[in-house]
K.L.:
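Quick one: the structure is below, and I'll ask about it shortly.
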Number of protein chains: 2
Amino acid sequence: MSERPDRIPEWCRGEEWCSVTATASLLGRKWKPVIVDRLLKNGACGFSELEGLINGISGKALSNNLKELEEDEIVNRSVISERPYRVEYALTDRGRDLEPLIVAMREWGSAHFGPDSKKDNP
Amino acid sequence: MSERPDRIPEWCRGEEWCSVTATASLLGRKWKPVIVDRLLKNGACGFSELEGLINGISGKALSNNLKELEEDEIVNRSVISERPYRVEYALTDRGRDLEPLIVAMREWGSAHFGPDSKKDNP
DNA sequence: CGGTATCCGGCAGGATACTG
DNA sequence: CAGTATCCTGCCGGATACCG
């Protein structure tokens, strides 16, 4: 498949300052980072399993986002068994490389809005 | 202002697995991480200056995103001078705390789509 | 179980023109 | 310079119903 997913803008080529734009183009949606987070923590998941792990997501949104993540080679989908029908979504290498990014999101989020976030002057 | 911006969903409260959702709610848009990236690299900027640093953004999008980032206490806006009219956007402490996250985005982006990204087997 | 089809609303964001 | 106003588009995503 393509080295450069269509989701990354055409004008965004190589320049160092473009890398954030490129990343934001692939992950900058409501659910994508959360999906990657759950796959990092739980390993490969089935569809409904993933749905259960993500509070508030609708089946359609999950389906669409998984499809795009697959196109962008962040997630890999494989059929595990035919009867009963079982599918598994797992991170690719590229997807696993997102771990530091997701960890940074977790930390920033819980530092500022989490259970033990310190107010202005603790 | 509010500890928990409205943009973070109501059901997202404290639980550790919510921190990614919370962060995605605040930054998970097309331009926000890019804006933070530019402010990190260039320091405080005026409006047009920032517009020039961000390839492809429209004035309206920049205006809207800055307003939201300000509401979420990630960016601070201050009027520098009245004649000529000058404004400056700078990161708050909370905004500066995003640096590791933005750095992770830069690194993932340039590793996978950047000028010197290695193909599958270098 | 693992989705797709359809309908539908909202909002993000582009273009352009205009203001103080 | 630093925006706002308006118009208009497309996509995102929720709800629901249905399929193999």
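Just so we're clear, the structure is a prediction, and the values are computed from it rather than from any experiment.
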K.L.:
Report which part of the nucleic acid Arg83(B) touches: base, sugar-phosphate, or nothing (heavy-atom distance under 4.0 Å, all strands).
P.N.:
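Nothing: the residue Arg83(B), judged by heavy atoms under 4.0 Å, touches no strand.
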K.L.:
Expressed in angstrom and rounded to an integer, what is the separation of Lys67(B) atom NZ from dA12(C) atom P?
P.N.:
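Computing the Lys67(B):NZ to dA12(C):P distance gives 12 Å.
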K.L.:
So does Asp93(B) pair up with Arg96(B), basic N to acidic O under 4.0 Å?
P.N.:
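Salt bridge: yes.
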K.L.:
Backbone N or O of Cys12(B) within a donor-acceptor pair of the Arg4(B) side chain at under 3.5 Å?
P.N.:
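Yes.
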K.L.:
Within this structure, what is the CD-to-C1' distance between Glu88(A) and dC1(C), rounded to whole angstrom?
P.N.:
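To the nearest whole Å, that distance equals 14 Å.
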K.L.:
Under 6.0 Å from the CD atom of Glu88(A), do we count more than 12 heavy atoms belonging to anything else shown?
P.N.:
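It does: Glu88(A) CD has more than 12 such atoms within range.
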K.L.:
Whole-Å distance between dG13(C) P and Asn55(B) CG?
P.N.:
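Going from CG in Asn55(B) over to P in dG13(C) covers 16 Å.
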K.L.:
Could you check whether the rings of Tyr89(A) and Phe47(A) sit parallel, tilted or perpendicular, using 30° and 60° as the cut-offs?
P.N.:
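Taking Phe47(A) first and then Tyr89(A), their aromatic rings sit tilted (interplane angle of 30° to 60°).
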K.L.:
Within this structure, what is the CD1-to-C1' distance between Ile80(B) and dA2(D), rounded to whole angstrom?
P.N.:
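Atom-to-atom, Ile80(B) to dA2(D), this comes out as 13 Å.
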K.L.:
Would a distance-only check, ignoring hydrogens and angles, find a side-chain to backbone donor-acceptor pair under 3.5 Å from Asn42(B) to Arg38(B)?
P.N.:
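Confirmed, Asn42(B) side chain pairs with Arg38(B) backbone.
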K.L.:
So, Ser110(B) side chain and Ser19(A) main chain: donor-acceptor pair closer than 3.5 Å or not?
P.N.:
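Side chain of Ser110(B) to backbone of Ser19(A): no pair is present.
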K.L.:
How many whole angstroms separate atom CD of Glu51(B) from atom C1' of dG13(C)?
P.N.:
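About 14 Å, once rounded to whole Å.
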K.L.:
Given dG3(C), dG2(C), dT4(C), identify the nucleotide with an atom nearest to the side chain of Arg86(A).
P.N.:
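For the Arg86(A) side chain, the nearest candidate turns out to be dG2(C).
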K.L.:
Taking atom P of dA12(C) as reference, at what distance in whole Å does atom CG of Leu69(B) sit?
P.N.:
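Checked: the CG to P distance equals 13 Å.
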K.L.:
Would you classify Lys32(B) as touching base, sugar-phosphate or nothing, given that sugar-phosphate means primed atoms plus P, OP1 and OP2, and contacts are heavy atoms under 4.0 Å?
P.N.:
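The answer is nothing, as Lys32(B) stays clear of every strand by at least 4.0 Å.
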K.L.:
Got a sec, which pairs hit salt bridge (Lys or Arg N to Asp or Glu O under 4.0 Å) with one end in residues 51-68 of chain A, sequence neighbours left out?
P.N.:
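Matches after skipping sequence neighbours: Arg7(A)-Glu68(A), Arg29(A)-Glu68(A), Lys32(A)-Glu68(A).
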K.L.:
Say whether, by atom type as modelled, one donor and one acceptor occur between the side chain of Thr92(B) and the main chain of Ile74(B) under 3.5 angstrom.
P.N.:
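Yes; at least one donor-acceptor contact below 3.5 Å.
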K.L.:
Find the distance Ile54(B):CD1 to dA2(D):C1' and express it as a whole number of Å.
P.N.:
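Rounded to whole Å, this separation is 15 Å.
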K.L.:
Could you tell me whether a side-chain N or O of Ser63(B) sits under 3.5 Å from a main-chain N or O of Gly59(B), the two making a donor and an acceptor?
P.N.:
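Side chain of Ser63(B) to backbone of Gly59(B): no pair is present.
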K.L.:
At less than 4.0 Å, is any side-chain N or O atom of Ser48(B) found next to OP1 or OP2 of dA2(D)? Yes or no.
P.N.:
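Yes, Ser48(B) has a side-chain N/O under 4.0 Å of OP1/OP2 on dA2(D).
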K.L.:
If the sugar-phosphate is the primed atoms plus P, OP1 and OP2 and the base is the rest, what is the B/S/- string for nucleotides 6-20 of chain D, using protein heavy atoms under 4.0 Å?
P.N.:
BB----SBBB-----
K.L.:
Have a look at the helix from dC1(C)-dG20(D) to dG20(C)-dC1(D) and give the angle its two end axes make, five pairs each, rounded to 10 degrees.
P.N.:
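Between the axes fitted at each end of the helix from dC1(C)-dG20(D) to dG20(C)-dC1(D) lies an angle of 50°.
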K.L.:
For the side chain of Tyr89(B), counting heavy atoms from C-beta on, which of dC1(D), dG3(D), dT4(C) is nearest?
P.N.:
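Of the options given, the side chain of Tyr89(B) lies nearest dG3(D).
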K.L.:
Let me know the distance between CD of Glu49(A) and P of dC1(C), rounded to the nearest Å.
P.N.:
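Interatomic distance, CD of Glu49(A) to P of dC1(C): 11 Å.
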K.L.:
Is any side-chain N or O of Ser63(B) closer than 4.0 Å to OP1 or OP2 of dA2(D)?
P.N.:
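For dA2(D), neither OP1 nor OP2 has a side-chain N or O of Ser63(B) closer than 4.0 Å.
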